[in-house]
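Have a look at the structure below, then the notes.
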There are 2 protein chains.
Amino acid sequence: MGFNARDYLESVSLDCVIFGFHNSQLKVLLLKMKYTHEWALPGGFVKQNETVEEAAARVLRERTSVGDIFLKQFRVFSDPERSKINPAVKDLIESGDHPDMEWFEKRFISIGMYALVDFTKVIAVPDYFSEEAVWKSLDEIGTLMLDHNLIVQKALNTLRLQISYQPIGYNLMPEKFTMPELQSLYETILGKTLDRRNFQRKILSFDILTKLPETKKGGAHKAPFLYEFNIENYKKALENGLYGGW
Amino acid sequence: MGFNARDYLESVSLDCVIFGFHNSQLKVLLLKMKYTHEWALPGGFVKQNETVEEAAARVLRERTSVGDIFLKQFRVFSDPERSKINPAVKDLIESGDHPDMEWFEKRFISIGMYALVDFTKVIAVPDYFSEEAVWKSLDEIGTLMLDHNLIVQKALNTLRLQISYQPIGYNLMPEKFTMPELQSLYETILGKTLDRRNFQRKILSFDILTKLPETKKGGAHKAPFLYEFNIENYKKALENGLYGGW
DNA sequence: ACAAAAGTGTTGTAAATACACCCATGC
DNA sequence: GCATGGGTGTATTTACAACACTTTTGT
C-alpha cells in the first residue's frame, strides 16, 4: 500500500472520532503511532475526486471494516499552531530515516468528523502510520497527539447537543437491545442519570422503537424485553428533528 | 492591494453568509463579480498564519467595515464538482487576459461560515474580484455562482436550528429596539408567525433583555418600549444553551 | 371617534418530573 | 426468601398555546 502524498488535496486533513458503546461505556477508537508511540485519532486526507464525507467513510472502512456508519462533520480545526509536532518527532523526520513522514511537517487544516459505530461489529485495524488500533473509554484517554484531545472534546459536545434534537442509538447499539441498555447509552453520553420510567415513556413516544416478543435471558434477574429500531421512523426523526431536551 | 496566491493555504477557501436584518426582512450580503457578473457570497482564503475564524473575520471586516461580529463555521463544502466554474468563465480565464483569475481554476474545499451583523452599521465594500456589494433579501437571491445557493440554504438551516437553543439578536439588531421588532426577526428566521404575548413572555424569561424607560416615538400608533440586550446574560445564554423550541 | 399597534393577564392542555408498587430471576 | 433489576401506573408541577380586553397615538 504505502502512502503517496500526490494523491491527496494539500493543506487539508481529516480526524475521525469514532464512538462505540460497550459495557455501559462510551469508547473511542485510537491509534498508537509508529516511531513516536503517541496515541492519535484515526485520520486521513482527501483524494482528488472525493468529498470530505467520502474520504472519512474510506478511513472508517479501513480502520473498522464496517461500512454503513453514521458520519458527520462537526468542526474545522485550523489553529496554525495545531500541527506543530513535538520537537523530538521533528528531529526524527528531518533525520531522513523516515521519508514517508515529511508530508506531516506541513500545516494542515483538519476537518473533525465523528462517527457512531456498532462496537460489536468493528474489527479495528491500524493504518500505515500506526502499529495498534485500540478502543479506549473516555476516562482512559490520556494525552493525545497534536490537538486531538480538543477534537475529542468538541466531538463529545456535538454528540451531546445532537442527542437533544435527534435520535441516537442506531449504529451504536447492536440490532437487538434492551431498554436499560439504551438508557445506559443515553446516560453515558449525557453524563447524568435518567429516570427509568420517564426515559422509557419518552423514547417510546418518539415512535422509533419496535418492541420484540422476546426477552433477553441469561442475565441475572428479571428478563428484559428486547427492542429494535424502526429504521423508517428513525430516519424520519433524524431528518425532522425530535424537539425536546433531556 | 491586488491578490497574491502565495499568501494563502492551498485547496481551502471560505464562503461567508452574512446575515443582516432590515425592514422586517432577513438579508444576505452578495457580491457581483467582475468579468462574469455572477452574484456570489463574499469569500476568501486562509493566510499562512491565520485560523479559519480569523480569516473570516478579516473578510468580514473588509466587506462590511464592522469589527465585532457573530461568526461561526457551519459546514465544509467539498463536492469535487462544486468548484467547476461555468465553461464561459473558464474560457475567459484561459484566454490569459486575466492572469489573476487562474487561482480559481483549482479545486477548493470551502468552509461555510455564517455571520450576523447589525445592518445599520454596515458599509458594504466589494472586493478585488467584484464590482458591487449589495444586500439582498432572501427572496431576491437568484441563482448564485458555483454552489453558493446551497451554502446559503445550509446557513439558513443552521441559523434556524441555532435559534432554538441559543439566543439570537445581538449583532443583528441595533442597540435599542422594540419588542415587536425583535419578534419580527424571530418570525423571519423561523418563517412563521408567533403569538405576540407568548413571544414576549418567553424571550423575557431568558433574562437577556433590559427594558428601557424610553419608548420609541415617531411611529404611528402606540409607542412601544425600547429594550436592549443584557450582554452579560446574553453571553451566558450563548454558552449554556437555552433549552426550548419555538 | 376610530383604526391600528402595543401593553398586559388568564386559563386550559400537554409535557416533564417525581415517585411507588409488583414481578421475575439467581444466589 | 431475599436482593437485584425490570416492568408498569399515577399524581403533581411546569411549560406551552390559545385567547380578549384595555391603552395609546395619528389621522
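Throughout, protein chains are lettered first and strands after them, A, B, ... in sequence-line order, and every chain is numbered starting at 1.
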Sequence neighbours left out, what pairs pass salt bridge (Lys or Arg N to Asp or Glu O under 4.0 Å) with at least one residue falling in residues 132-150 of chain A? A:R82-A:D147
With sequence neighbours left out, the residues meeting side chain to side chain contact (heavy atoms under 4.5 Å, CB included) with B:H221 are none
When we call it a touch if two heavy atoms are under 4.0 Å apart, what does A:K216 touch: a base, just sugar-phosphate, or nothing? nothing
Base contacts versus sugar-phosphate-only contacts with protein, heavy atoms under 4.0 Å: please encode nucleotides 20-27 of chain D as B, S and - from 5' to 3'. B--BBBS-
Atom pair distance, as rounded to whole Å: CD in B:E187 and C1' in C:dA5: 14 Å
Between D:dC16 (P) and B:L194 (CG): distance, integer Å: 13 Å
Give me the ring orientation class for A:F119 and A:W135: parallel if the planes are under 30° apart, tilted from 30 to 60°, perpendicular past 60°. tilted
Of all pairs that satisfy salt bridge (Lys or Arg N to Asp or Glu O under 4.0 Å), the ones with a partner from residues 180-189 of chain A, not counting sequence neighbours: A:E181-A:K216
Between NZ of A:K202 and C1' of D:dG9 the distance, given in whole Å, is 19 Å
Using the ring-ring contact (aromatic ring centres under 6.0 Å, His included) criterion, which residues pair with B:Y170? Sequence neighbours excluded. B:Y234
Return a table of donor-acceptor pairs under 3.5 angstrom between the side chains of residues 153-160 of chain A and protein atoms on other chains or two or more places apart.
residue	atom	partner	partner atom	Å
A:T158	OG1	A:K154	O	2.8
A:R160	NE	A:I189	O	2.5

What's the CD1-C1' distance between A:I203 and D:dT8, to the nearest Å? 18 Å
Rounded interatomic separation in angstrom, taking CE from B:M179 and C1' from C:dT8: 12 Å
Tell me: CZ of A:F225 to P of C:dC23, nearest whole Å? 14 Å
Rounded to the nearest Å, what distance is computed from the CG atom of residue A:N198 to the P atom of nucleotide D:dT13? 16 Å
Mapping A:D195 and B:R201 onto DNA chain D by nearest heavy atom, which one lands closer to the 5' end? A:D195
Rounded distance in Å - CZ (B:F199) to P (C:dA6): 13 Å
